[in-house]
Amino acid sequence: MSQVTEYSEKVMDHFMNPRNMGEIEDPSGVGTVGNAKCGDIMRMYLDIDENQIVREAKFKTFGCGAAVATSSMATELVKGKSVREALEVTNKAVMEALDGLPPVKIHCSLLAEQAIHAALWDYATKNNISIEGLKPPVNDIDETEEFYKMTSEQA
Ligand code: FES
């Protein structure tokens, strides 16, 4: 991918009109991750059926435009995929689907990848299954009061 210096049309579209923003009640898996450098936070909710296919994905992000756009695209990419395939929705895959991100914003797309992994980890733990290649989340800051405070202020 060639280096981009500004936001692509796709990034702007997903930032201005985020897909799948919100919560899933009683999700199969939920994961919350944060970026220590900028303090941005992302929470991902997954609804996974009995065949281990992601039926629904939703997100809440308190963060920059690139974080919102990457969460939006990440939810679009994992929907309809098996949990194993969802694991392959890396930050690179999300960035490619968005036609790239400026280099200073690449770390924002990592949040989306980590949030998917954290939600899958939660699902796997709750159901006592193992998903090949899935590692424990690096930064699961589940249930922080700060997150709720910030998301309610955002609403
Ligand atoms: Fe923090 Fe983008 S600046 S996620």
Side-chain angles (χ1 to χ4, degrees), residues 1-25 27-48 54 56-81 83 85-125 131 133-155:
M1 200 185 344
S2 61
Q3 206 177 70
V4 290
T5 52
E6 54 188 39
Y7 288 141
S8 69
E9 272 176 37
K10 276 195 194 161
V11 173
M12 287 312 294
D13 179 32
H14 279 262
F15 171 52
M16 303 298 278
N17 310 293
R19 324 299 199 263
N20 313 308
M21 198 155 66
E23 293 178 29
I24 295 177
E25 220 176 291
S28 314
V30 57
T32 309
V33 294
N35 185 306
K37 273 194 199 140
C38 61
D40 291 348
I41 296 173
M42 185 183 295
R43 172 167 288 181
M44 180 77 66
Y45 302 82
L46 297 177
D47 178 30
I48 298 166
V54 179
E56 193 62 72
K58 288 201 182 279
F59 77 93
K60 274 189 166 179
T61 293
F62 184 82
C64 71
V68 171
T70 50
S71 341
S72 167
M73 182 55 91
T75 52
E76 286 287 90
L77 291 177
V78 296
K79 276 201 292 183
K81 290 203 163 60
V83 291
E85 290 164 342
L87 201 54
E88 279 155 26
V89 177
T90 59
N91 78 308
K92 275 204 186 106
V94 173
M95 280 200 307
E96 269 170 26
L98 285 169
D99 293 337
L101 277 175
V104 293
K105 289 280 156 189
I106 290 174
H107 75 274
C108 316
S109 64
L110 268 174
L111 221 46
E113 176 185 314
Q114 289 166 355
I116 294 170
H117 287 191
L120 287 172
W121 181 262
D122 182 45
Y123 161 75
T125 310
I131 303 171
L134 179 63
K135 297 193 186 78
V138 276
N139 185 10
D140 194 341
I141 50 167
D142 207 12
E143 310 303 331
T144 58
E145 278 179 26
E146 213 178 346
F147 179 80
Y148 286 111
K149 210 175 77 200
M150 288 196 283
T151 50
S152 59
E153 277 168 9
Q154 192 185 26

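Only a predicted model underlies this, so the values are computations on that prediction, with no experimental measurement involved. First listed ligand is number 1; within each ligand, the first listed atom is number 1.
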Legend entry - Exam field: side chain Asp122 to backbone Gly31, donor-acceptor pair closer than 3.5 Å: no

Legend entry - Thr70 OG1 to Asn91 CG distance, which is reported to the nearest 0.5 Å: 9.0 Å

Inset, instruction - Show all protein N/O/S atoms under 2.8 Å from atom 2 (Fe) of ligand 1, or state that there are none. - result: Cys64 SG, Cys108 SG

Legend entry - Under 3.5 Å donor-acceptor, Ser72 side chain and Arg19 backbone: yes

Inset, instruction - Would you check if the side chain of Thr125 reaches a backbone N or O of Trp121 as a donor-acceptor pair within less than 3.5 Å? - result: yes

Inset, instruction - Using only heavy-atom distances, determine whether the side chains of Asp99 and Ser8 contain a donor-acceptor pair under 3.5 Å. - result: no

Inset, instruction - Output the distance between atom CG (Leu134) and atom CD1 (Ile116), rounded to the nearest 0.5 Å. - result: 11.5 Å

